[in-house]
Amino acid sequence: MGQKSSPGAGDSVQPVVGIIMGSASDWDTMRHTAETLDALGVPYEKRVISAHRTPHLMYEWGTSAAKRGLKIVIAGAGGAAHLAGVAAALTPLPVLGVPMESASLKGLDSLLSMVQMPGGVPVATFAIGKPGAVNAALFAAAVLALENASVRKALDGYRAAQEKKVADTKLP
């Protein structure tokens, strides 16, 4: 259904996270999600799917996500940013939304579109742009770590490295 990626594991590893984005230009931001998942050893698939331009593909992908073994969806989109909401409507899986920064409203339009979901169709929405892309991956890993000791260990290592980097910071 999409491209699979995992460090050193090749295509034989079953993806557990689906990374979707509304257009190829969103990859500049969503690659940070993929890189963070790679660093934690979490296998994923990535795909460009537009809620508006490819609704049939969105339906097929969303309704089959859980059956294909995915456990979490991370959706990045800008402008109207309906991708995360449509994904949440089509799958029972947790959907994490990453609003893209836009030229016209700096991503505020995307953020408000994702965060203002009607009751019953939840999307956990993160910060606009790169910080949101990284945090969505970390949140997905935290959820997976509840039942996966290797992801828990990788996440603990990531956090320890972050702590050490800050603690070791020397000012001029």
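As the structure is a computational prediction, the values presented were derived from the model and not from experiment.
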Between Thr29 and Glu101, is a side chain to side chain contact (heavy atoms under 4.5 Å, CB included) present by the stated rule, with each step listed? CA-CA 9 Å; Thr29 297; Glu101 186 170 343; over 6 Å; no

Pair Val16, Leu70 - check side chain to side chain contact (heavy atoms under 4.5 Å, CB included), show working. CA-CA 4 Å; Val16 293; Leu70 296 182; 5.7 Å; no

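Between Val98 and Ala136 the shortest heavy-atom distance is CG2-CB, 3.7 Å. Taking each heavy atom of Thr91 and Ala65 in turn, the nearest pair found is OG1-CB, 4.3 Å. Residues Phe126 and Pro99 share a closest heavy-atom pair of O-CD, 3.3 Å. Residue Leu93 comes nearest to Ala66 through the heavy atom pair CD1-N, 3.9 Å, listed as atom of the first residue, atom of the second, then distance. Pairing each heavy atom of Ala141 with each of Leu155, the nearest pair is C-CD2, 4.1 Å. When all heavy atoms are compared, the tightest approach of Ala81 to Ser113 is O-OG, 3.7 Å.
When atom types are taken as modelled, the side chain of Thr169 and the backbone of Val166 share a donor-acceptor pair closer than 3.5 angstrom. Using a distance-only test at 3.5 Å, with no hydrogens or angles considered, a donor-acceptor pair links the side chain of Thr54 to the main chain of Ser50. Side-chain atoms of Ser110 come within 3.5 Å of backbone N or O of Gly79 as a donor-acceptor pair. Under the 3.5 Å distance criterion, the side-chain polar atoms of Asp26 are matched with a main-chain donor or acceptor of Ser23. Using modelled atom types, one side-chain atom of Arg53 and one backbone atom of Gly22 make a donor-acceptor pair closer than 3.5 Å. Side-chain N or O atoms of Arg68 include one that pairs as donor or acceptor with a backbone N or O of Trp61 at under 3.5 Å.
Within the 4.5 Å cutoff, no side-chain heavy atoms of Val73 are placed close to those of Leu96. Two residues are said to be in side-chain contact when any heavy atoms from C-beta on lie closer than 4.5 Å; Thr33 and Val134 fail this criterion. The shortest side-chain heavy-atom distance between Asp109 and Ser102 falls under the 4.5 Å cut-off. With contacts defined as side-chain heavy-atom distances shorter than 4.5 Å, the pair Arg152/Asn148 does not qualify.
Here OG1 of Thr63 is found 7.0 Å from CD of Glu60. Values are rounded to the nearest 0.5 Å. To the nearest 0.5 Å, the span separating CD on Glu163 from OH on Tyr158 amounts to 13.5 Å. With rounding to the nearest 0.5 angstrom, the CD atom of Glu35 is 12.0 Å from the CG atom of Leu40. To the nearest 0.5 Å, atoms CG (Leu144) and NZ (Lys71) are separated by 7.5 Å. The structure places OG1 of Thr36 at 8.5 Å from NZ of Lys130, a figure rounded to the nearest 0.5 Å. Atom-to-atom distance recorded for Phe139:CZ and Ile72:CD1 is 8.0 Å, nearest 0.5 angstrom.
Two different hydrophobic clusters hold Met21 and Val115 under the rule that ILVMFWY side chains link at heavy-atom gaps under 4.5 Å. Put simply, Met117 and Ile128 are part of two different groups of oily side chains (I, L, V, M, F, W, Y) that touch within less than 4.5 Å, one to the next. Leu111 and Met114 fall into different hydrophobic clusters, where Ile, Leu, Val, Met, Phe, Trp and Tyr residues are linked whenever their side-chain heavy atoms come under 4.5 Å apart, directly or through other members.
Checked against Ile20 for a side chain to side chain contact (heavy atoms under 4.5 Å, CB included), the options Lys46, Met58, Glu45 give a single hit: Met58.
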